[in-house]
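Take a look at the structure below.
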Amino acid sequence: MEPDQLNPEQLQAVRTLHGPLLIIAGAGSGKTRVITHRIAHMLDKHIPQNQILALTFTNKAAREMEHRVKELTGRKLTNLTVSTFHSFGLQILREQATTLGYAEHLSVYDSTDSQSLIKESARELDMDFDSAEIQTIASLFSAVKNGQRDFEGFDENIQTLYREYNEHLKLFNGVDFDDLIVKPFELWTNFPEVLQLYRDRYRYILVDEFQDTSLSQYRLVKLLALEHRNLCVVGDDDQSIYSWRGANYRNIQEFERDFPERVEIKLERNYRSTGNILSAANALIRNNQNRKSKQLKANKAEGGAIEIHYPENETAEAEFIVRTIKALFVRENRPYSDFGILVRTNSLTRNIEMALLQDKVPYSLSGGTSFMERKEVKDVVSYLRTLLNPADDIHFLRILNTPRRGLGKAVLEQIYRTSRNRGLTAWEAAQLLARPGHSPLTNRAAADLSILLDQLSVFRERLGSGIGRKNAEIVRDLLTDIRYENYLYEENSSTRAAEWRWQNIQHFVQFLSDWESDSQNDYPALSAFLNRMTLDNREDEGEKGRGSVSLMTIHSAKGLEFPVVFVAGVEDGILPHARSVEENQEGFEEERRLFYVAITRAQQKLFLTCCQNRRTQKGSETCTPSPFLQEIPPHLLKTVENYDTFQQGEAEKMFESLKKKLGI
DNA sequence: GTAAGGCCCGTTTTT
DNA sequence: CGGGCCTTAC
């Protein structure tokens, strides 16, 4: 986009600071630019930065927005709040912990933790579920907590389990992801004077990716904004791809009803993509019934055709993508950061990753099993949460026999039994059982348990409140003490895997160390670090500076753009995903929006690949092209066989430019 | 009673 | 590929 020029609609959006404002921002219409300029304009108009609250969907988006505003204004802006809904909720809960009856060091439970807790609660109620059932129950609980549904059609036991689960959470001083939104709402509803506090503080509110906020998130922000009514929401119903999490175009309708005096602005000029790419996107999305009518207008030239390739199988697909990237890298002298490879599911990244690795193309992968979800990291986190909060059964039981110390199933059973019969926490029960003689455990097991408890007590004491700047040292000592590195080598058959895991651990400790020694950090509590890491799965960003190909799911590509985009696996059953279509009627339209989001990430070149065969769990299956492909006018598409057929002399040219790049 | 090795299961998307 | 569950060995 032309620097420092805003079109009339953008300008109007930037200048409308007071009252409710709805900005419908089509893909690539300069939304981020409008938001950052709008905040800058607020500051120009002497609105104090601490009165501004900007909420985004992902941490990536929050960081990006904060960065862009700082860049634009050239100011430090330490009192500007740019945050995700979840982090914002946590901030409120931390500030108001005592009002809500929480102890000081809250633990945020991620989805896996929640599921363990559900499982454990079920056990206490003599219920037994397999992991698939636990997953279903977890998503039911989440929907109930968010007010999306009730227990109708479910056994009464499930309701009991739900209560049990929440009581446990409270007991462990823990909150799950949904609590981060719902608890602040309850707080504000039940304590008007607290609500007033926040209303006085945040008078100007901005919500990005509004189409992806859930109903409970919207209600939270609405409650906050209702007095001053300076609420600006920015969204695009065509890019709503999180309805399974309770996000809905209905939010936009609710907003219109709640704020009838709103100003509405549509940004329909696309500055991102070539005319062809945009025409394809428009043709595709037109097929959706549930949408606000709009037509993105191209600002760029037509550009080349969208290229579609039908590789033999998933290996050939990955090779095609990597070959094409390398060809464009040389021919068009593009940095690797120009390329984005998008897929529907995380599992599809594997083959592509292998091909990238094989050809030594630097890449960064976002999504997938995030750093904090790795087993080894979770182990350390469980140790730390246990140390911080002895009442946290879930994390204590998780580390009981990790590393293996002879405390197996039998000991676990005894702890369950004792804690239930006597109404004790697992930790207290373990202490009781560790006493030799009076214990149903074998002497050996009791002794081993005793050693563990002593060991933990020592470290708990050293950690104190968990506030301090030397916690990283203590964690290092702990790891040595429990011989965690040895454990990794024993557990993993390949040394490479063990090394990799140990490196992750060291990264984790390094993160902690860096975070603690950051002088800007005014609350260096260990619990704050753990919660932050739980909410913000920031990946290693080491490679990014030197330029690397981005490989990610379409979901995590939202809000991003790349000069060259590959969409892999454009096949029926993947995009649209089979599971999504069978779920409900609206699933198909959501999948179409997903494809729309993928396409509109591309600025200059777009490649689609659709395998003829793909290997699944059970053998190779013949693929059918995605029905969405037929919705793109044929004249915009060009079928290609190969992209690497170098013409005469091109190899030399490639060699020359490579030499130049390497500086030889 | 515990650990280790093998088999089968399922795997949408994210805070 | 990872985890849960089974069998077998100690």
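Naming: A, B, ... by sequence-line order, numbering from 1 per chain. Below, all heavy atoms of this structure are taken into account, side chains as well, without hydrogens, waters or symmetry copies.
- Atom CZ of A:Arg501 is separated from atom P of C:dC1 by 12 Å (rounded to the nearest Å).
- Comparing B:dT12, B:dT14, B:dT2 by their nearest atom to the side chain of A:Arg579 picks out B:dT12.
- In this entry the distance linking CD of A:Glu376 with P of C:dC1 reads 16 Å, nearest Å.
- Considering only the side chain of A:Lys375, C:dG3 comes nearest among C:dG3, B:dT15, B:dT13.
- Of the candidate nucleotides B:dT15, B:dT12, B:dT14, B:dT14 has the atom nearest to the side chain of A:Thr553.
- Scanning atom types as modelled, no donor and acceptor separated by under 3.5 angstrom connect the side chain of A:Ser556 and the base of B:dT14.
- The residue among A:Arg405 and A:Leu594 whose nearest nucleotide of DNA chain B lies closer to the 5′ end is A:Arg405.
- Between A:Phe508 and A:Phe529, the distance from one ring center to the other falls under 6.0 angstrom.
- Nearest to the side-chain atoms of A:Arg404 among the listed nucleotides B:dT14, C:dG3, B:dA4 stands B:dA4.
- Taking atom CZ on A:Phe595 and atom C1' on B:dT13, their separation rounds to 17 Å, with Å as the unit.
- Between B:dT12 and A:Asn346, no contact under 4.0 Å exists linking OP1 or OP2 to a side-chain N or O.
- The CG-C1' distance, from A:Asn531 to B:dT15, rounds to 13 Å in whole Å.
- A:Lys222 forms no cation-pi arrangement with A:Phe255, by the criterion of a distance under 6.0 Å to the ring centre and an angle within 45° of the ring axis.
- At B:dT13, none of the side-chain N or O atoms of A:Arg344 fall inside 4.0 Å of OP1 or OP2 (strictly under the cut-off).
- Set against B:dT13, B:dT15, C:dG2, the side chain of A:Thr84 has B:dT15 as its closest nucleotide.
- Distance NZ (A:Lys558) to P (B:dT12): 21 Å, rounded to an integer number of Å.
- Nearest heavy atom pair, residue A:Asn59 against residue A:Ser87, reads OD1-OG, 4.0 Å.
- A straight line from CZ of A:Arg350 to P of C:dC1 spans 4 Å, rounded to a whole angstrom.
- Contact between the side-chain N/O atoms of A:Asn401 and the OP1/OP2 oxygens of B:dT2 is not found at any separation under 4.0 Å.
- Of the side-chain N and O atoms in A:Arg593, none sit less than 4.0 angstrom from OP1 or OP2 of B:dT13.
- A:Tyr242 comes within 4.0 angstrom of sugar-phosphate atoms only, judged by non-hydrogen atoms across all strands, and of no base.
- Comparing atom distances between the A:His577 side chain and each of B:dT12, C:dG2, B:dT13 picks out B:dT12 as nearest.
- Between A:Met354 atom CE and C:dC1 atom P there is a gap of 8 Å when expressed in whole angstrom units.
- Across the protein-nucleic acid pair, A:His555 atom NE2 and B:dT14 atom P stand 7 Å apart, rounded to whole Å.
- Ring-centre distance between A:Tyr109 and A:His395: below the 6.0 Å cut-off.
- Under the 6.0 Å cut-off for aromatic ring centres, A:Tyr198 and A:Phe88 do not qualify, their centroids lying 6.0 Å or more apart.
- You'll find that the side chain of A:Val411 is closest to B:dT2, out of B:dT2, C:dC1, B:dT14.
- Not one side-chain nitrogen or oxygen of A:Thr58 sits closer than 4.0 Å to the OP1 or OP2 atom of B:dT14.
- Inspection of the A:Glu571 and A:Ser626 side chains reveals no N or O donor paired with an N or O acceptor under 3.5 Å.
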